[in-house]
Amino acid sequence: MLRKAKAVLCREHNKPVVVEQISIDAPKRGEVTVKLGACGVCHSDLSAINGTIALPLPLVLGHEGAGVVEEVGEGVTDLAPGDHVIFSFIYMCGKCRFCVAGRPVLCLEQGKALTTPLEGTTRAHDAKGAPLGIFSGCGAMAEYATVSAENLIKIDPKIPLDCAALVGCGVTTGVGAVFNTAKVEPGSSVAVFGCGGVGLSVIQGALIAGARRIIAIDTLAPKLEMAKKFGATDTIVFNEDPVKEVKKITAGGPDYAFECVGSGELAATAYRAIRRGGLAVVVGVAKPSDSTAIRTMTLPFEEKTITGSYFGSCVPRVDFPRMLALYMAGRLKLEELITRRYPIAEAPQAFADLQAGKNARGVIVF
Ligand SMILES: NC(=O)c1ccc[n+]([C@@H]2O[C@H](COP(=O)([O-])OP(=O)(O)OC[C@H]3O[C@@H](n4cnc5c(N)ncnc54)[C@H](O)[C@@H]3O)[C@@H](O)[C@H]2O)c1
Ligand SMILES: [Zn+2]
Ligand SMILES: [Zn+2]
């Protein structure tokens, strides 16, 4: 059935988001309609608003969502109404060489489902009937969303939906960057640039992986206080030369550095910080115009590596349950990541707070 839903839209770049009443179509073949319980406010949503992540507008924002299945389309056999699910914001075709090799974040078909279910038309329309794109195939900042069944992972209904939502992006991105991309070894030293929802998740992941030294760097002092609660052993307020201080603490540089801000220059800073043979991981999504300059000579003579990490190099069906098992075992903090909950009407405030760096994570609750 057709459903009315309040939704958070980006209609114009660099303008505050708007909350509108939209309509969500019934699911077509292979699709599912979800009633949202919660949706985290990720910096990538903000990047869609300011054009860093350039997607066609208007767009229903939100990709870090969790909710309850309302209705399933034809051919959907593994989900039923009442099931609790987390959204996964990557499309996986299941057939390309990357999907079959267990690297769905690199799926060759992904570009085809950035703002719609794969088929290319949208199930979301505004009050005048005009079609609306859905961010990363999710559009989870809305009371209802109709998405491809492939974008949903079933979870234990005992897990609170606001905590579960964070696994849909920030937590899996951060912890996955540590576990899957970097494969951080016990006893190692780690530097983390940027302590938002993603960076704090890198810090928690590093702690779980057994890192001995975890250095948190942020421009905002309150973020560093948060970082300590998630496992940072040392903190540095970002300054002109944080590398010097990082190298001093780690006697020559950390084994790993993670860039969790989204700046070409900071990616170079992370690379400069690591020791000989170290690994720098770029998690932040920088503007398309940014570039990263590294001293080429350090590649052969110091055997340093710089790489990226998309969605924690995860396989959602493997890694979401893994994150939730760590949460259930009391080893992964999710509740503590939620600084503030907002009703959907306060979405503009939630984005203003994200921009001002007030929250570990802000979450829209429905
Ligand atoms: N690779 C992925 O799959 C993936 C997934 C999610 C988010 N992201 C990206 O990761 C980045 C972080 O996301 P988030 O939601 O945690 O953002 P956030 O806004 O919550 O956190 C960013 C943090 O960086 C800090 N910061 C800003 N400039 C800094 C500097 N020069 N040095 C150190 N710290 C600085 C801010 O104070 C803030 O605490 C964004 O670029 C986002 O788009 C990437
Ligand atoms: Zn995100
Ligand atoms: Zn694929």
Side-chain angles (χ1 to χ4, degrees), residues 39-50 52-53 61-65 87-113 118 135-136 138 140 150 165-174 176-177 181 191-203 215-224 226-227 235-240 242 257-267 269-270 281-287 290 307-314 337 339 350-351 353-362:
C39 183
V41 188
C42 174
H43 202 106
S44 298
D45 292 297
L46 191 58
S47 294
I49 297 168
N50 66 29
T52 296
I53 296 177
L61 294 167
H63 59 286
E64 196 177 80
F87 286 67
S88 158
F89 66 83
I90 49 164
Y91 180 81
M92 350 178 219
C93 76
K95 297 191 188 94
C96 75
R97 54 178 285 220
F98 295 107
C99 280
V100 296
R103 302 293 318 277
V105 299
L106 304 180
C107 175
L108 290 169
E109 300 294 317
Q110 216 165 101
K112 293 185 183 167
L118 190 65
F135 186 34
S136 270
C138 295
E150 299 301 322
L166 306 189
V167 171
C169 180
V171 168
T172 300
T173 296
T181 316
V192 182
F193 291 86
C195 301
V198 172
L200 293 171
S201 298
V202 167
I203 291 171
I215 307 159
I217 302 114
D218 202 289
T219 42
L220 304 171
K223 285 298 179 78
L224 298 175
M226 293 181 192
T235 58
I236 300 172
V237 178
F238 185 82
N239 53 50
E240 251 163 45
F258 294 85
E259 196 278 356
C260 304
V261 178
S263 141
E265 205 183 316
L266 205 56
T269 306
V281 182
V282 180
V283 182
V285 179
K287 288 196 290 279
D290 267 27
T307 187
S309 178
Y310 185 38
F311 202 5
S313 311
C314 81
L337 270 175
T339 310
F351 278 100
D353 290 349
L354 171 67
Q355 182 121 44
K358 286 197 181 153
N359 299 332
R361 225 9 159 218

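For ligands, and for the atoms within them, numbers begin at 1 and follow the listed sequence. In what follows, every heavy atom counts, from backbone to side chain, and hydrogens, waters and symmetry copies are set aside.
Among Gly196, Cys195, Ser47, Ser309, the residue whose heavy atom lies closest to atom 20 (O) of ligand 1 is Gly196. Nearest residue to atom 9 (C) of ligand 1 from Leu266, Val285, Asp353 is Val285 (criterion: closest heavy atom). Between Val283, Thr269, Thr219, it is Thr219 that holds the heavy atom closest to atom 29 (C) of ligand 1. Compare Gly199, Cys260, Ala177 by their heavy atoms: the one nearest to atom 22 (C) of ligand 1 is in Cys260.
Under a 4.0 Å heavy-atom criterion, Gly357 is not in contact with ligand 1.
Taking every heavy atom of both residues into account, Ile203 and Ala227 meet most closely at CD1-CB, 3.8 Å. Residue Ala216 comes nearest to Cys195 through the heavy atom pair CB-SG, 3.8 Å, listed as atom of the first residue, atom of the second, then distance. The minimum heavy-atom distance linking Cys169 with Phe311 is given by the pair CA-CE1, 4.0 Å.
Ile217 CD1 to Leu266 CG: the interatomic distance, rounded to the nearest 0.5 Å, is 8.5 Å. One distance of note links OG of Ser44 with CZ of Phe135; it measures 5.5 Å at 0.5 Å rounding. If you take NE2 on His43 and CG on Asn50, they are separated by 6.5 Å, rounding to the nearest 0.5 Å.
The side chain of Lys223, and not its backbone, has at least one atom closer than 4.0 Å to an atom of ligand 1 (non-hydrogen atoms only; side chain from C-beta on). Looking at Val261 against ligand 1, both its backbone and its side chain come within 4.0 Å, counting heavy atoms. The part of Phe238 lying near ligand 1 is the side chain, judged by heavy-atom distances below 4.0 Å.
Geometrically, ligand 1 and Asp218 share a nitrogen or oxygen pair separated by less than 3.5 Å. Ligand 1 has no N or O atom lying under 3.5 Å from any N or O atom of Phe89, backbone or side chain. Checked against a 3.5 angstrom limit, the closest N/O atoms of Tyr310 and ligand 1 fall outside it. Polar contact check, Gly197 against ligand 1: a nitrogen or oxygen pair lies under 3.5 Å apart.
Considering only non-hydrogen protein atoms, atom 6 (C) of ligand 1 sits nearest to Cys169 SG, 3.3 Å. Regarding atom 16 (O) of ligand 1, its nearest protein heavy-atom neighbour is Val198 N, 3.0 Å. Taking atom 18 (P) of ligand 1 as the reference point, the nearest protein heavy-atom neighbour is His43 ND1, 3.6 Å. Of all protein heavy atoms, the one closest to atom 4 (C) of ligand 1 is Thr173 CG2, 3.6 Å.
Every residue meeting the side-chain contact (heavy atoms from CB on, under 4.5 Å) condition with Val282, not counting sequence neighbours, appears here in chain and number order: Glu259, Ala267, Ile306.
Looking at heavy atoms from C-beta onward, Cys107 lies out of side-chain contact with Phe98 at the 4.5 angstrom threshold. Looking at Ile90 and Pro104, their side chains come closer than 4.5 Å, going by heavy atoms from C-beta outward. No side-chain heavy atom of Val198 sits under 4.5 Å from any side-chain heavy atom of Phe258. Ser201 places none of its side-chain heavy atoms less than 4.5 Å from the side chain of Thr173.
Atoms of ligand 1 found under 4.0 Å from any heavy atom of Leu220 (numbered from 1 in listed order, with element): 37 (O). Contact atoms of ligand 1 toward Arg361: 14 (P), 15 (O) (distance under 4.0 Å to a heavy atom of the residue). Near Leu354, with a cut-off below 4.0 Å to any heavy atom, the atoms of ligand 1 are 19 (O), 20 (O). Applying the 4.0 Å criterion to heavy atoms of Ile217 picks out, from ligand 1, the atoms 33 (C), 34 (N). For ligand 1 and Ser44, the ligand atoms under 4.0 Å from any heavy atom of the residue are 6 (C), 7 (C), 8 (N), 42 (C), 43 (O). Shown in contact with Phe311 at under 4.0 Å from a heavy atom are these atoms of ligand 1, numbered in order with element: 2 (C), 3 (O). Residue Gly284 approaches ligand 1 through these ligand atoms, each under 4.0 Å from one of its heavy atoms: 9 (C), 10 (O), 11 (C), 41 (O).
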Audit row: Ile215, Val192, side chain to side chain contact (heavy atoms under 4.5 Å, CB included) steps and yes/no: CA-CA 6 Å; Ile215 307 159; Val192 182; over 6 Å; no
Show your reasoning for whether side chain to side chain contact (heavy atoms under 4.5 Å, CB included) applies to Asp218 and Val237. CA-CA 5 Å; Asp218 202 289; Val237 178; over 6 Å; no
For Phe238 and Leu220: C-alpha separation, side-chain torsions, deciding distance, then whether side chain to side chain contact (heavy atoms under 4.5 Å, CB included) applies. CA-CA 8 Å; Phe238 185 82; Leu220 304 171; over 6 Å; no
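Around the Zn ion (ligand 2), protein N, O or S atoms at less than 2.8 Å comprise Cys42 SG, His63 NE2, Cys169 SG.
The Zn ion (ligand 3) forms the vertex of an angle spanning SG of Cys99 and SG of Cys93; to the nearest 10 degrees it equals 120°. Here the angle at the Zn ion (ligand 3) defined by SG in Cys96 and SG in Cys107 stands at 120°, rounded to 10 degrees.
Using a cut-off of 4.0 Å between Lys/Arg side-chain N and Asp/Glu carboxylate O, Arg361 and Glu64 are scored as salt-bridged. Salt-bridge formation is detected for the pair Lys358/Asp353: a Lys NZ or Arg NE/NH1/NH2 atom is positioned less than 4.0 Å from an Asp or Glu carboxylate oxygen.
Side-chain contact annotation: Thr181 with Ser313, donor-acceptor N/O pair under 3.5 Å present.
Test Val202, Thr269, Val283 against Phe193 for side chain to side chain contact (heavy atoms under 4.5 Å, CB included) and you get one pass: Thr269.
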